[in-house]
There are 2 protein chains.
Amino acid sequence: MTGKKSPWNDLGEFIRAQRELANLSLRQLAEMTKVSNPYLSQVERGLYKPSAEVLKSIAGALQISAETMYNQAGLLDDDAGTKGHDAGRVEQAIHGDSRLSKDQKDTLLRIYRGFIERP
Amino acid sequence: MTGKKSPWNDLGEFIRAQRELANLSLRQLAEMTKVSNPYLSQVERGLYKPSAEVLKSIAGALQISAETMYNQAGLLDDDAGTKGHDAGRVEQAIHGDSRLSKDQKDTLLRIYRGFIERP
DNA sequence: AGCATCTGCTTGGTATACTTAGCACGCATC
DNA sequence: GATGCGTGCTAAGTATACCAAGCAGATGCT
């Protein structure tokens, strides 16, 4: 394990850096996130890649947005929605519109997808 | 397990609905996502909650944004970054979608506005 | 009818995510 | 010195995510 770099090292280093910036010990973060402190230690050292739920919980405790954390973990491409790609844009906007009920969202999405598939 | 509802049923139903809308079989989706077809079947029936990587892959294959998929899975709060910016978002996205014809855009906008005015 | 192909699903197995119990060390106090 | 507390980490154990092998049914073709 001398110098061996796992795929999750960058993420772990990011989490440790943010934790230290927030002046929290592993045990304190563990209490806040309800994730065990040994596991957090292992995550920080790149031994495991945590689930999105754990990432979300850590992000909340460290007052980072979930989006930032997912970007760091490679779960979101922060350019994806803006790189001239239409795919997902309309869908995302519909989902994000709080004035629409779930049924209305479903209806709009179904119609939209129908249009996309047979132009 | 008769009628027993797992926490992931909504997500599974969402994925199945999108897959069927896209006219893909489980095996086709499995090939596209590199996820096994039995597992996808189990995910759709709410037996397991898939990781964010699997969700991202499914989203890509079904041409849904990762954000949309994560929202559906409860991994992102869709209001988190967009509260107060709902107005105009859907309309903008529809206008900007190059895959829609003018008629289709008009239709979608008409329906959308109808929903907004009388909820 | 038989055969091939496609479909969704069951079952047992493997790997990883995550926990619990506990160790070693550092520091402060008496 | 001894003791207590906080710190990060090890190692064994548990649960879940996900896979491979294969079954049963439906459909189409000869």
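Letters A, B, ... mirror the listed sequences (proteins, then strands); counts begin at 1.
The residue among Glu53(B) and Pro38(B) whose nearest nucleotide of DNA chain D is located toward the 5' end is Glu53(B). Comparing Gln28(B) and Leu47(B), the nucleotide of DNA chain C nearest to each residue sits closer to the 5' end for Gln28(B). When each of Arg45(A) and Pro50(B) is assigned the nucleotide of DNA chain D with its nearest heavy atom, Arg45(A) is the one assigned upstream, toward the 5' end.
Residue Lys34(A) contributes atom NZ, which lies 17 Å from atom C1' of dT20(C) at whole-angstrom precision. Per the geometry, CH2 belonging to Trp8(A) stands 12 Å off P belonging to dC18(C), to the nearest Å. Atom NZ of Lys49(A) and atom P of dT16(C) are 14 Å apart (whole Å). When rounded to the nearest whole Å, the span between CG of Leu26(B) and P of dC23(D) equals 20 Å. Here dC18(D) presents its P atom at 14 Å from CG of Leu29(B), a figure rounded to the nearest Å. For Tyr48(B) and dC19(D), the OH to P distance is 11 Å, given to the nearest whole Å. Following rounding to the nearest Å, Leu40(A) (CG) and dC9(D) (P) show an atom-to-atom distance of 11 Å. If you measure from atom CD of Glu44(B) to atom P of dC9(C), you get 7 Å, rounded to the nearest angstrom.
In terms of heavy-atom proximity, Glu91(A) sits nearest to Ile64(B) at OE1-CA, 3.8 Å. The heavy-atom pair separating Ser57(A) from Thr33(A) by the smallest distance is OG-O, 3.1 Å.
The phosphate of dT10(C) (OP1 or OP2) has no side-chain N or O of Ser41(B) nearer than 4.0 angstrom. Contact annotation: Arg19(B) does not reach the phosphate of dT7(C) (side-chain N/O to OP1 or OP2, under 4.0 Å). For Ser25(A) and dT7(D), the shortest distance from a side-chain N or O to OP1 or OP2 is below 4.0 Å. For Ser51(A) and dC18(C), the shortest distance from a side-chain N or O to OP1 or OP2 is below 4.0 Å.
Between Phe14(B) and His95(A), the ring planes are perpendicular. Angles over 60° get that label, and only those under 30° would be called parallel.
Atom CZ of Arg110(A) sits about 14.5 Å away from atom NZ of Lys105(A), to the nearest 0.5 Å.
Val35(A) comes within 4.0 angstrom of sugar-phosphate atoms only, judged by non-hydrogen atoms across all strands, and of no base.
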Let me see the working for Arg19(B) and Gln28(B) under side chain to side chain donor-acceptor pair (under 3.5 Å), right down to the final yes or no. CA-CA 10 Å; Arg19(B) 176 174 64 80; Gln28(B) 287 169 332; over 6 Å; no
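If you check distances only, the side chain of Arg27(B) does reach the base of dG8(C) with a donor-acceptor pair under 3.5 Å.
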